[in-house]
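Below: the structure, in structure tokens.
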Amino acid sequence: MRYGLCCWLSCKLTIDAGSLVFFMQAGFAMLEAGVVNSRNVINILYKNIMDASIGCVCFWLVGYGFAYGTTAGGFIGTDNFAISSIYNGAGEGGSDGWEGFFFQFAFAGTAATIVSGSVAERFKFEAYLVYSGVCTAFIYPVIVHWVWGSGFLSAWGARPDADGNARPLLSGTSTSNGVIDFAGSGVVHLVGGVSGLMGAILVGPRKGRFDSDGKPKAQRPHNTTLMALGTTILWFGWYGFNCGSTLALSGGAANVAGKVAVTTTISAAAGCLMATIISRFLEGTFDIGLALNGILAALVGITANCSVVNPWMAFLIGIISAWIYYGASKLLLKLRIDDPLDAFPIHGACGFWGLLATGIFCTDANVQYAAYPNVNDACGRGEQFAVQLIGGLVIVAWASVMSGLTFLVMKFVVGLRVSSEIEEAGLDISEHGIGAYANELTKVFPSPVSDEVTKVQVSYE
Amino acid sequence: MKWQYQQATDAVSQNRKNLNDFEALVKANSRDMDTAWIVLCGALVFFMQAGFAMLEAGIVHPKNVTNILFKNMIDASIAAIAFWLLGYGFAFGSDSGGFIGKCGSACYFGLKDVYNGAGDGMGSSDGWEKWFFQWAFAGAAATIVAGAVCERTKLEAYFIYSVFLSTFMYPVIVHWVWGYGWLSAWGAYPDSNGVARPIFNKDTRSNGLIDFAGSGVVHMVGGFCGLVGAIIAGARRGRFGPDGSVNTLFDGNNTLQALGVFILWFGWYGFNCGSTLMISGGAANVAGKVAVNMTISAASAAITATFLAKALQGHYNISMGLNGVLAGLVGITANCAVVDPWMAFLIGFVAALILYGGHYLLLALRIDDPCDASVVHGFCGMWGIWATGIFCTDKNVQYAGYPNANEACGSGEQFGVQVVGSLVIAAWTIGMSVMLFLFIDKTIGIRVSAEVEEAGLDISEHGVAPSYEQQPQVPSRLCPRVWTFLQVH
Amino acid sequence: MKWQYQQATDAVSQNRKNLNDFEALVKANSRDMDTAWIVLCGALVFFMQAGFAMLEAGIVHPKNVTNILFKNMIDASIAAIAFWLLGYGFAFGSDSGGFIGKCGSACYFGLKDVYNGAGDGMGSSDGWEKWFFQWAFAGAAATIVAGAVCERTKLEAYFIYSVFLSTFMYPVIVHWVWGYGWLSAWGAYPDSNGVARPIFNKDTRSNGLIDFAGSGVVHMVGGFCGLVGAIIAGARRGRFGPDGSVNTLFDGNNTLQALGVFILWFGWYGFNCGSTLMISGGAANVAGKVAVNMTISAASAAITATFLAKALQGHYNISMGLNGVLAGLVGITANCAVVDPWMAFLIGFVAALILYGGHYLLLALRIDDPCDASVVHGFCGMWGIWATGIFCTDKNVQYAGYPNANEACGSGEQFGVQVVGSLVIAAWTIGMSVMLFLFIDKTIGIRVSAEVEEAGLDISEHGVAPSYEQQPQVPSRLCPRVWTFLQVH
């Protein structure tokens, strides 16, 4: 009776929250459709629908097993492929675990879809599908295993002591927590952001992004309505992302979910306001794209630590996230790296910041409240910061090497980049057989359109 | 000593009393959770209206966008009033011969037997949330048809259709399959102990029709009704050339379509997971399983449709991919609770093939269904019902909470029941819709005039210029009468 | 014998101990359910921001779209910071004379008394989720005004307004009606036993103002504030001709409007159903009832507005239909828990009439409210408060969980209370907004220059290119290749 009641509650939350996280796919689709040039809109929409689908199949067949199967040396899971250990009655009165897979799938889809923004407008559709499969089947699940499964970075730990209590790798005793990444600043966003960066570097900048002196040309998002819609949907879905990461409701976890909602909100709001101020005083105008990205950057920054910080810390984290996003975005331009959606500055840089912020701001009392298993003073002593830093570096190393390898292999097998003519004409015509799309789009979602779009349209006629 | 004994006895009975209180409390908690779950899922299902509206607005020509949006808005509203006054009573009222609900020991016309305190207040709900959830379904069934008959039908015809569907045509099928009707797994024929028995065999060896969340009840009804409407209304002007060629009238707005499909996919988690109708007593496990299965089916169908289109058409056709998602979701809807994930994968795969075949079948037959509603919802809905019979296992049927423990799936009987059930639903829907649309056509006429169709329905029916075209010269959208009035006063 | 007795006693007390543990567990579960319900509903309410953004972006001229989107985004953020630092403390802190919350036994400035373990950990929540839910409401109140003053006000003016509203103006009314303020059903005047009493009569015979989910607290505040803003800012250039004619400046984008309304309707289920503030102890039943009533009211208002527009204007006006949905929802918001479905139908019907009348009243008065925000939210919000007094029954008030059992509804006293309450809210809102907007106008100026207004706010304030209206016409997006394939095969 007791266990059953808790299970019903937890399953309910997990399914509701999973649906919300899934809805973030719609948010990403609308956001990216709003930012890219109108001749590539169908391509980016299609990538979004396909990475949800491919992500589901790959994660179901192998990814979930790598992530949550029985650990092999703290590195990777080894069973539960095709969710073979989830079946009717697996839980014997407790949860059978169906909802666990559903929730994790929604996360995997998010990690994969981030990359589509970095490589937008020039990447081959097939190459993207292959990457999307590799990411959800292997690159992402391994990190999940390390941090959230029984892996070597996990707070639940890979090394059982003599009594069978799991111990985190660092220190191997209950005095240490392992990496605290509550809802995935590192696991989801950093992985997506770093992979996107690798993709953007290897595929090269879009034609005409930088002039011959290496100066970036002004890029205007062609449709702010879609961007605003997408960002609001993402913010909405993020409540599922972060609050649902309590993974339970009973036993006080609902209180944590409430707290997470508060810190998430305050950080997002602070990021939005800071980005607005940056925009007004450094760019001279109220740039809506900058402000919307400020929201996303702050949401990424709070994701790892939403349960272990206080509201005023969330406020600071949001403010700093906006600066980190802005700085990283400028840095990429200096380095002549073309990331159309700013996916690396938002998800990569702020994801890393989220992990570090956890170490900076966490308190041991908060860590207990958030139900981490070991009672210790790792936060107070500062050890936690070191752990977060190491964890972040490990994730960056793995994600960049693995995604780099994937992209390199594809570069030599199928090629990463569409031909120059196709890029010029837009991917919609060549890959999807539909062109001259912009006019309809801009009519439905009224918004400024850059001269470039107009020019291209005229050339079609 | 005796006194001590008395004391102990008192304490024991006090404990027992407390225990009873707690039991009631726990039951009330379960009830409250179930109710909250249904309210949330109902809201998600309602949100599918937004998905349908965006999907269809993304397909029709801009000159008809306002019209299709209007239809989507008004059919949800009409469904609410019709389902409140009559439909819900026909669907879930006291059974009358297995055919229709009536006003008996339970009377739901105008929500008569849903009132404050209708449940016992402890273990059972008052039933408000059930109407809400069922209304959201009725609205979904009604709105499917809008996509099939768009760009050429009169708004008044659509009103009549919409009232009829949500008052009578749809509720009757709900009664058959989900109420205590003759196809229902809960059965119309009680045995001597009052335990419900399905019509086939009339004993526990048979299950009745298994349609978990409405591949048949909702999607087939909407889809086949749309098919009949599309045939009777005829093709849009210029859709088929005299030499039999097929013309694309408008290429569609893919952003809106994609937004619509994502919203639908999101809302579908309420549609299917909420069809557990509760969350306590292990039903949450079923809801989790449903979410997994439908995700896999949707993904499988989207991938299949994508690569099929690439292979046959040479392009990654996004409309086909998006419709693939919907086809996979419709196909899994009947059986999401009674199949395993690998079966869901196959169901989605076949749904995509049916989508593809059906799309070209309709074109070959010169039937003009602009949104492919009859293919996605009708044909794939029928496949969903059949797939239930093909893939269900008796263990899964038990897990999903169906009342009779038997081996109908193993023995293959279930497949027969599903085929019969789907044919009955198709026959009822087609029969009723033919009558309905012919009646409309003979009285007020189903189709707008050629001039109106050419100019677009937005101007004639809604007084607005073709959507998104800049009209600097349009002075006002308001009728002169009102303006004269206002300017005089 | 004694030993046996001892054994029995031990067993009994052990049972009681288990029983107590169990009771604590069940209570904790109830608490967890309630918290989760509020978090989910709060997320739905937040999503209404997307609805408002789309609705308003669909109404303003394309040259001002980025501006209105920016306002919608920034007011949610400003509300979060302002409501965190001050607003929530004013609304729900220890009562100070029934007027405002302060820092006393409960202090919520900067969420001081919301912390880990603030609740007792067993039966009560720490209160995090309450702030989240209330913030979403504050954001909704703030964002309503954006629609009334759009296309002509300075962004800086909107910042100031937004900070003031969510810091002080709105929280004070929340304190009056939902906190322990002088209008509240939970009352500012405790009797000798510390039981709160409403101000009217100061005993259990009176209820205080019944505003279940905020027709008055949220919508009237937003609507009347918008009305004042629209009057002080003045009409858009060219809206009213020198001869008194009314010009339509832009025909609107119906797709975005419809999307916005559907999202709002969806989010409204969180708004109203979540206002039960819990689901345990039977509150889930109330949530179900709320969902039913608001659906019927929205449907009734949409249908009424539709046919009214058809009868008076000769067209099915979709803007009127969509605003009808919103009017019906605003009207039912105060009373969704205390009326029966047929009353909800009437409330929606009247709300549509008020919408229609209010729309033309504003035009006749030469007040320019582009989104009709003051009509939909202000006037219909006031109707919602009055309708509560007209239609409520004492039985329903009990069912909805109001604390005092009395016959205020039957005796008609409740209607008096509602009228007084609505006038007080209107007076406060209008008074404060007049001061606020006049102050802004005298200092930085509320209105952009004529050149900026002519060119659109997107260029001047956001540095983005002008709208799409200079786009070349693209006749058809037919791709020859695909269709060649199809026509060949």
Side-chain angles (χ1 to χ4, degrees), chain A residues 2 5-6 9 13 16 20 220 224-225 228-229 232-233 235-236 239-240 243 249-255 257-259 261-262 265-266 268-270 272-273 276 285-288 291-292 311-312 365-366 369 433-437 439-440 442-450 454 457-458 461, chain C residues 25 28-29 31-33 35-36 38-40 42-43 46-47 49-50 53-54 57 62 65-66 69-70 72-74 76-78 80-81 84 110-111 116-117 119 121 125-129 131-132 135 155 253 255-256 458 461-468 470-474 477 479 481-482:
Chain A
R2 168 181 175 160
L5 193 64
C6 303
L9 282 165
L13 176 84
D16 287 342
L20 284 185
R220 292 274 173 226
T224 50
T225 309
L229 177 62
T232 322
I233 291 177
W235 189 346
F236 172 56
Y239 290 116
C243 300
L249 273 183
S250 52
N255 261 327
K259 181 181 180 180
V262 174
T265 304
I266 290 177
C272 172
L273 295 176
T276 301
T285 177
F286 291 105
D287 181 347
I288 195 169
L292 292 172
W312 67 267
N366 277 328
Y369 188 67
I434 305 178
Y437 172 79
N439 213 38
E440 304 311 330
T442 49
K443 281 174 182 170
V444 180
F445 292 97
S447 187
V449 183
S450 64
T454 315
Q457 281 181 349
V458 172
E461 289 319 303
Chain C
L25 182 69
N29 266 346
R31 187 268 321 270
D32 291 338
M33 289 195 304
T35 305
I38 295 305
V39 172
L40 283 170
F46 166 74
F47 195 44
Q49 293 285 343
M54 292 301 111
V65 162
T66 302
L69 294 169
F70 196 89
N72 270 282
M73 179 195 65
I74 205 81
S77 296
I78 289 178
I81 304 302
W84 161 49
L111 289 185
N116 305 345
S125 120
D126 289 354
W128 296 102
E129 80 287 359
W131 180 87
F132 174 59
W135 157 71
L155 206 49
N253 181 322
T255 309
L256 283 183
D458 286 3
E461 314 234 350
H462 307 284
V464 290
S467 73
Y468 65 84
Q470 283 86 27
Q471 287 299 299
Q473 287 288 321
V474 176
R477 293 167 43 209
C479 175
R481 263 178 291 177
V482 176

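Note on naming: letters A, B, ... go to the chains in the order of the sequence lines (proteins, then strands), and numbering restarts at 1 for each one.
A donor-acceptor contact shorter than 3.5 Å links the side chain of A/N255 to the backbone of C/D126.
The CZ atom of C/F70 sits 8.5 Å away from the CG atom of A/L292 when rounded to the nearest 0.5 Å. To the nearest 0.5 Å, atom NZ of residue A/K259 and atom CG of residue C/N116 are 3.5 Å apart.
Here the closest non-hydrogen pair linking C/S77 and A/A269 is O-CB, 3.3 Å. C/L69 and A/T225 get closest at one heavy-atom pair: CD1-CA, 3.4 Å. Here the closest heavy-atom approach between residue A/A254 and residue C/T35 is recorded as O-CG2, 3.2 Å. Here the closest non-hydrogen pair linking A/I266 and C/I81 is O-CD1, 4.0 Å. Shortest non-hydrogen contact noted between A/P311 and C/L111 is CG-CD1, 4.0 Å.
Options A/A228, A/G240, A/A261 differ in how many heavy-atom pairs under 4.5 Å they form with chain C, and the most are formed by A/A261. The candidate with the highest count of non-hydrogen atom pairs below 4.5 Å against chain C, out of A/T265, A/T232, A/N366, is A/T265. Counting heavy-atom pairs closer than 4.5 Å to chain C, the top-ranked of the candidates A/L273, A/L20, A/I233 is A/L273.
Both the backbone and the side chain of C/A43 come within less than 4.5 Å of a heavy atom in chain A. Heavy-atom distances place the side chain of A/Y239, and not its backbone, under 4.5 Å from chain C. Contact annotation for C/I38: neither backbone nor side-chain heavy atoms come within less than 4.5 Å of a heavy atom of chain A.
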| Intermediate values then yes/no, side-chain contact (heavy atoms from CB on, under 4.5 Å), C/H462 and A/D287 | CA-CA 5 Å; C/H462 307 284; A/D287 181 347; over 6 Å; no

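Between C/E129 and A/V262 the shortest side-chain heavy-atom distance does not fall below 4.5 Å.
Scanning for side chain to side chain donor-acceptor pair (under 3.5 Å) contacts around C/W128 gives A/Y369, with sequence neighbours left out.
The aromatic rings of C/F46 and A/W235 are tilted relative to each other, their planes meeting at an angle between 30° and 60°.
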